[in-house]
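Here the structure is a predicted model, which means the values were calculated and not measured. Numbers restart at 1 for each chain; the letters A, B, ... are given by sequence-line order, proteins then strands. Note that these values count all heavy atoms, side chains included, but never hydrogens, waters or copies made by symmetry.
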There are 2 protein chains.
Amino acid sequence: MNTNSIKDLLSGKQLLQEVTINGWVKTFRSNRFIALNDGSTIQNIQCVVDFEKLDENLLKQISTGAAIKVKGTLVESQGKGQSLEVQVSSLEVHGTADPETYPIQPKKHTLEFLREKAHLRVRTNTFSAVMRMRSALSFAVHQYFQQNGFFHVHTPIVTGSDAEGAGEIFKVSTLDSKNPPLTEDGDIDYSKDFFGKETNLTVSGQLEAETYAMGLGKVYTFGPTFRAENSNTSRHLAEFWMIEPEMAFYDLDANMDLAEDFIKSVLSYVLENCKDDLEFLEKRLLDEEKTKPVAERSEMPLIEKLKFITENNFKRVTYTEAIDILKNSKPNKKKKFKFPINEWGADLQSEHERFLVEKHFKCPVILFDYPAKIKAFYMRLNEDGKTVRAMDILFPGIGEIVGGSQREERLDVLLEKMKDLDIDEKELWWYTDLRKYGSAVHSGFGLGFERLVLFATGMGNIRDVIPFPRTPQNAEF
Amino acid sequence: MNTNSIKDLLSGKQLLQEVTINGWVKTFRSNRFIALNDGSTIQNIQCVVDFEKLDENLLKQISTGAAIKVKGTLVESQGKGQSLEVQVSSLEVHGTADPETYPIQPKKHTLEFLREKAHLRVRTNTFSAVMRMRSALSFAVHQYFQQNGFFHVHTPIVTGSDAEGAGEIFKVSTLDSKNPPLTEDGDIDYSKDFFGKETNLTVSGQLEAETYAMGLGKVYTFGPTFRAENSNTSRHLAEFWMIEPEMAFYDLDANMDLAEDFIKSVLSYVLENCKDDLEFLEKRLLDEEKTKPVAERSEMPLIEKLKFITENNFKRVTYTEAIDILKNSKPNKKKKFKFPINEWGADLQSEHERFLVEKHFKCPVILFDYPAKIKAFYMRLNEDGKTVRAMDILFPGIGEIVGGSQREERLDVLLEKMKDLDIDEKELWWYTDLRKYGSAVHSGFGLGFERLVLFATGMGNIRDVIPFPRTPQNAEF
């Protein structure tokens, strides 16, 4: 079954040679020109058949979506629109696609329609481009960390601790849900469950990753995380992939340096390696935005936007500075914010983040040193006693893409904080152990992978950048 | 916080320069020699302090496990056992590790003891070596596929279909388990659950990966999978990571070629990139096996064993040939097998697989063309009507490391098979769609990542090659 990928063929190295190609028919016109695609690239290869020599029954089977195998000679094309084509000498049909019922016809489908056909949508140009980009970004993540001395750690998916109190979690169980075993008090007897205790799906691998950073130095996780939030938005999924590096001996400044360098590096990777897909996606976005009012269109075409990120420094601003800017901003004074900014301590909403990034600074922004009260228990308290060494990276159009912090490495301060927040010390004995034995300054951050893919592909809905999205009321396929 | 990793320092490029190192004390002897490790390598760097110049209180804090920062000059070592050392000019303690309570003292700990301390065990030589190897293998997997034209696909973790009937699954829910909503019939009303239906953790991403192979051509998944089997063995985990490539237009032969090339390639990667860790693990294994009877020891040292795999062809044998060999084998005739082999059709047990690999062929074996009755519904039926295009790769000491097949691409044959096995066609409408529209020969396989790590590190228990193992009655951390 030795065949040539269309990507390889289009490089032209096999010009005038006999080639064998397997792929799916994109279009077939004039009983003569087959545009064939095999998924290796967004480009089709034109296959020219001599219909007078082909069996009529075979000819009938060649329609959009059919899988075929062609043999022929790779030659320079006489026609417009492509430089190379295959003069077909033989053709076989692997499998047909009845035009009456096959949903992916060569016409414009809405993204909503294609979500219902998530098992077939990767056969469209848009989704094949998005998913090749997703794959490239995923590899770029691994390559960046491995080349920079990080070790990949697989933190657990099923966990017994909801110590973070992140709230909306999915329970995992093998108990008979209709007739669960009960304790004498009438409670469910989780000692009889598979793991001998209540368990749930992880909301973050950070705490476990910290244990590994305190031995291997620099580590990262890249795995699925779960939130059972009933949010039906274009930016939330119940199941999403998260990248979480964790570094011993890194303070917040080093953490910010890393996050910025990391994002620039993975975006540079796709600019370099996914040119065809990016060009297609850029054109797609431009076409789509033509139907929108000018004010809602992107300020830059897709590729320019990515280059803008890789070529400019992120602006670093303290929370306190940001509050001043927001307090004195036009939309605040004119009461245009849904949540007006009146005082220091307010939690920033998406509208504020977008104002800072898109209107005020017009570049990615790293906000840091947030009020302790609006941030997680494990973030390091500053000397002022009221702010913590937290940082969020805000991106145009996306909002928060990274959330991170220097971690509280002082046992007494951490325990005090946990007590204040009613976090059970016994549940997190292993986490506090890290502060008892060989504790040190350390930091880390989390980046939601789908938000990165969303940004890099210019897509508008997070459900369109993951193969089979999980959202409230939806776990199809 | 710009510091040097010990791995970089030991390359010697900064000889005679001032360096700053952060790390954890492995040992401290004669009040003078600190063996310091930062996780970047299994090697420690010797830091020489002048105790007469150091504060006595500081000196007391330097014990195994303490995190410290040293500055000094990198020089050639006068002593034995290392080529370079650091003449320390200043020393700071980040965090102490009280020798009275710190569990990871410089002495031999059992692997069982360390499993109870899974949050600290990566600070030992054995586990740091294993986890660096795991990280390298994980990267080698991604690199292999990406360099060979595959796209990484993230198949869903929470799924609504247990169509495979793999059986032992974990349920995922947000319903109140004590008082779940009920339907009029008194059943649990899953329409009120988060996803609006019963959901569980995936047992395999294969079926979803197939949908992507039929658009992108060659894809792979690498994600967590789950089995709620009550198996307390050294080879089973309830949560493990699986690699599943899936390729359009690949028949079984091409599938076997790929699997063999893939395994050889990732093992070559660690032979090339993890020399120090492999040497350590080889020595560890030799030491451990000294306590065992000769017959139970490995036939080859670790590195030789890995090279044997990368340098030799896997033996390809049909199931039918294997049954003949087993029927006529000494252990079968002498009734030494727990499950005697009497006739064609028998399912092979671990004892049979090990006999074939370790005694008969003495090399990795690919068994193929299994009886249809003992294999999954989606495997392609051979023309004989009784065998399927399945293949398993068997490894010495590990048993089955890969299971794969050519997939049934013919709609009628697939539907017939599903009917026979009572698999609901409505549940798998999207899977059968792949056979309706542009169907083609395709194949794939699954490789349990932890079994690969087990093999490559020479460890004996699968719980020791994943950071936080999940097994019956155990979801700690």
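- Identified by a heavy-atom distance below 4.5 Å to chain B, the contributing residues of residues 134-141 of chain A are A/Arg134, A/Ser135, A/Ser138, A/Phe139, in residue-number order.
- For A/Phe226, the part lying under 4.5 angstrom from a heavy atom of chain B is the side chain only.
- Note on ring orientation: taking the six-membered ring where Trp is involved, the planes of B/Trp430 and A/Phe477 are perpendicular (angle over 60°, cut-offs 30° and 60°).
- Side-chain contact between B/Phe195 and A/Glu476 is absent, with no heavy-atom pair separated by less than 4.5 Å.
- Proximity to chain B involves both the backbone and the side chain of A/Pro467, based on heavy atoms less than 4.5 angstrom apart.
- Considering every non-hydrogen atom in both A/Ala248 and B/Trp24, the closest pair reads CB-CH2, 3.7 Å.
- Most heavy-atom pairs under 4.5 Å with chain A: of the set B/Lys7, B/Arg123, B/Lys171, B/Gln143, this distinction falls to B/Lys171.
- If you tally non-hydrogen atom pairs under 4.5 Å between each of B/Ile188, B/Ile157, B/Asp38 and chain A, the highest count goes to B/Ile157.
- If you tally non-hydrogen atom pairs under 4.5 Å between each of B/Leu175, B/Asp257, B/Thr101 and chain A, the highest count goes to B/Thr101.
- Each of B/Ile466, B/Asp193, B/Leu201 has some count of heavy-atom pairs under 4.5 Å with chain A, and the biggest count is that of B/Leu201.
- Taking the centre of each ring, B/His119 and A/Tyr431 stay at or above the 6.0 Å mark.
- Heavy atoms closer than 4.5 Å to chain B are found in the side chain of A/Phe449, but not in its backbone.
- Ring planes of A/Tyr212 and B/Phe468: perpendicular class, angle over 60° (limits at 30 and 60°).
- The aromatic rings of B/Trp241 and A/His152 sit perpendicular, their planes meeting at an angle over 60°, well past the 30° parallel limit.
- For A/Glu208, the parts lying near chain B are the backbone and the side chain together; criterion is any non-hydrogen pair under 4.5 Å.
- Heavy-atom pairs under 4.5 Å with chain A were tallied for B/Met214, B/Arg132, B/Lys197; the largest tally goes to B/Met214.
- With a 4.5 angstrom heavy-atom cutoff, A/Glu239 touches chain B only via side-chain atoms.
- Heavy atoms of A/Phe240 lying under 4.5 Å from chain B are absent altogether.
- When every heavy atom of B/Ala475 is checked against every heavy atom of A/Thr199, the shortest pair comes out as CB-CG2, 3.9 Å.
- Contact of A/Ala66 with chain B is made through the backbone alone, with heavy-atom distances under 4.5 Å.
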| request: Run the numbers on B/Tyr437 and A/Thr96 for side-chain hydrogen bond (donor to acceptor under 3.5 Å, both in side chains), then give the verdict. | output: CA-CA 6 Å; B/Tyr437 306 120; A/Thr96 58; over 6 Å; no

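- With a threshold of 4.5 angstrom between heavy atoms, A/Ser63 does not approach chain B through any atom at all.
- Neither the backbone nor the side chain of A/Ile104 comes within less than 4.5 Å of any heavy atom in chain B.
- Listed options B/Arg410, B/Glu409, B/Met131, B/Glu210 were ranked by heavy-atom pairs under 4.5 angstrom with chain A; first place goes to B/Met131.
- A/Lys178 and B/Asp187 are joined by a salt bridge, as a carboxylate oxygen and a charged side-chain nitrogen come within less than 4.0 angstrom of each other.
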